[in-house]
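Notes follow once the structure below has been shown.
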Amino acid sequence: MTKIQVYNTMTQRKEEFIPREPGKVSIYVCGVTPYSETHLGHARPSVVWDVIKRFFRMMGYETLHVQNFTDVDDKIIARSLDEGVPALEISKKYIAEYLSDMDALGVERADIYPKVSEHMPEIIELVDKLVQKEHAYPAGGDVFFHVASFPEYGKLSKQRLEELRQGTRFEVDPAKRDPADFALWKEAKPGEPAWKSPWGEGRPGWHIECSAMSLKYLGEAFDFHGGGDELIFPHHENEIAQSEAATGCDLARYWVHHGMLNLKDMKMSKSIGNVIAVKELVKRYPKELLRFYLLSTHYRSALEFYDGKLEEVSKGWTRLNDAFLALQDDLARSTEERTSFDQETLEKLTSLEAEVVAALADDFNTAMAFGVLFEVVREINGYKHRQGNTTEVLQKAHDILQTFAGNIFGVLQDKKAGSDGLAESLLDLLLGLREELRKQKNFALSDQIRDQLASLGVTIEDTPQGPRWKV
RNA sequence: GGCGGCAUAGCCAAGUGGUAAGGCAGAGCUCUGCAAAAGCUCCAUUCCCCGGUUCAAAUCCGGGUGCCGCCUCCA
């Protein structure tokens, strides 16, 4: 079996992936706080993990993916007080939006989407356990985690406790024993949602929900813990402290952090906030293009977004799609005979296919995988250019693109998009007539047909194998 | 101030010790009634700068410079 290398933030290097349980991959990805619309930055990890999961399954693993919704949170509460709408109604609305936006991007859903509001008993139990073990202490109606009780604190973010104490730039709650201690449970303020607990009415601190819910659904030392790299500190550091202090086991085997999506030239667009809303993007661009863009840079690198970026990216994306579409047509009139030339191309394609797998097995390097897929495109186009027309060869190229560009990356557009059976029949009829005109050298009229179809968004290409159209 | 990361052609972007993938743009050619698509060729002696290690470095080490993230809610 192909070895899969994964960059682990904890060790700061690539490691061979060895699952906790053979053949199974358990994944916890920190999800969103549902208090406003879904933006491109949310889409990146979704698409990345979508691809990682599909790849693992192709490699014969079973995946179990848990992604939380932090639906009890300061920002939601603030919004709730602002709008006079119950907090859980707000989160419910944006959770639904998030899910439908991700659906629109073709992202396969997680297996479980636990919500904080539905896991109070588990959270309270975990906090209580930490208090019992003297890793945490109640103070008034709050409960704090005592970082000094966990000697490994800082191991993920490579921070030293002493530096953290000094780096504190905000006023420290006097109830804390140590400025670096953080809240596991917060006493309720009037008007806020609150739950009963041994320490009085209150709600969970920010980090504890992930510890409680990952433990419930994935257990101890599950395989992947993912999230944006801005979560390394304090969120994931604190999760580690809570979970590991409570269980004595590692929280996760591999910490996988993706890079941020940045905006350039924000001043160019007053409403840039709207421009990058996923809801708007999927109206204006095919989801396959958006995925191609998001996967064109390695997941750990920062990714820039700016006006015109998708137009730039779409040229390469179109090349990939055109090659695939053309192959579908070519296969319909391919032949069976085989030559040494066919054999050569077949071998080349087979070796490129192995390169794609190797790229993905090397820390999910989608950018490199695309590079190889473009070589597949060049190889097969060249083959056809040199009159190659053997089914087996064309099928091989088709299958590689179908498997990786299509099934794994989800960047191949369905040809039939935007058309129906009748429109297709009419187009074929029209193109047939146009061919007659061309045979009669009536180019004025045939060009007019082409131009007018173009203005309707239908592109005509006259190839040696006959006319081809696309929307 | 502390921690982490990044710096590769006009643009995007792979590449973690063996002599610079890929895409876009650009130039030339082929094919074509034309156009488009496609193919071929060309397009970084060089990887921010300065030292060092090595037979060999974009890749490792040290020092600069610049940028980003985190230390406060954040995917």
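Here is the naming used below: chain letters follow the sequence lines, and residue numbers restart at 1 for every chain. Remember, it's a predicted structure, so these values are computed and weren't measured experimentally. FYI, side chains are in, hydrogens and waters are out, and symmetry mates aren't considered; it's all heavy atoms of this structure.
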Side chain of [X] (C-beta onward), nearest among [options]:
X: H39(A); options: A75(B), C34(B), G23(B); result: A75(B)
X: Q159(A); options: A35(B), G23(B), C70(B); result: C70(B)
X: R378(A); options: U16(B), G23(B), A75(B); result: G23(B)
X: F233(A); options: A35(B), A14(B), C70(B); result: C70(B)
X: H42(A); options: G2(B), C34(B), A75(B); result: A75(B)
X: N381(A); options: G39(B), A75(B), G15(B); result: G39(B)
X: D447(A); options: A37(B), C71(B), G33(B); result: G33(B)
X: T297(A); options: C68(B), C24(B), A14(B); result: A14(B)
X: Q12(A); options: G5(B), G39(B), G33(B); result: G5(B)
X: K309(A); options: G33(B), C12(B), U30(B); result: C12(B)

Query raised in the report: Say you pick atom C1' in A9(B) and the same atom in G26(B); how far apart are they, in whole Å?
Result: 12 Å

Report task. Quote, to the nearest angstrom, the P distance that separates C43(B) from A21(B). Result -> 12 Å

Without decimals, in angstroms, what is the distance between [X] [atom1] and [N] [atom2]?
X: D363(A); N: A13(B); atom1: CG; atom2: P; answer: 17 Å
X: E311(A); N: C12(B); atom1: CD; atom2: P; answer: 16 Å
X: W317(A); N: A13(B); atom1: CH2; atom2: P; answer: 20 Å
X: I232(A); N: U72(B); atom1: CD1; atom2: P; answer: 15 Å
X: Q440(A); N: C34(B); atom1: CD; atom2: C1'; answer: 18 Å

Requested in this report: Report yes if a side-chain nitrogen or oxygen of R468(A) is closer than 4.0 Å to either non-bridging phosphate oxygen (OP1 or OP2) of A38(B); otherwise report no.
Outcome: no

Query - 4.5 Å side-chain heavy-atom contact, L310(A) and L281(A) - result: yes

Query - CG-CE distance between L99(A) and M102(A), expressed to the nearest 0.5 angstrom - result: 8.5 Å

Report summary line: One should read off an interatomic distance between L431(A) CG and I460(A) CD1, to the nearest 0.5 angstrom, of 4.5 Å

Report task. Report yes or no: do D363(A) and Y299(A) form a side-chain donor-acceptor pair below 3.5 Å? Result -> yes

Donor-acceptor pair under 3.5 Å, [X] side chain vs [N] base:
X: D462(A); N: C34(B); value: yes
X: R386(A); N: G39(B); value: no
X: R160(A); N: C3(B); value: no

Query raised in the report: In this structure, which one of Q395(A), K384(A), H398(A) forms a side chain to side chain donor-acceptor pair (under 3.5 Å) with D330(A)?
Result: K384(A)

Query raised in the report: How is G371(A) classified with respect to the nucleic acid when contacts are heavy atoms under 4.0 Å: base, sugar-phosphate, or nothing?
Result: base

Requested in this report: Under 4.0 Å between any heavy atoms, over every strand shown, what does D73(A) touch: base, sugar-phosphate, or nothing? Just pick one.
Outcome: nothing

Query raised in the report: Taking NZ, NE, NH1 and NH2 as the nitrogens, is one of them in E312(A) or K309(A) under 4.0 Å from a carboxylate oxygen of the other?
Result: no

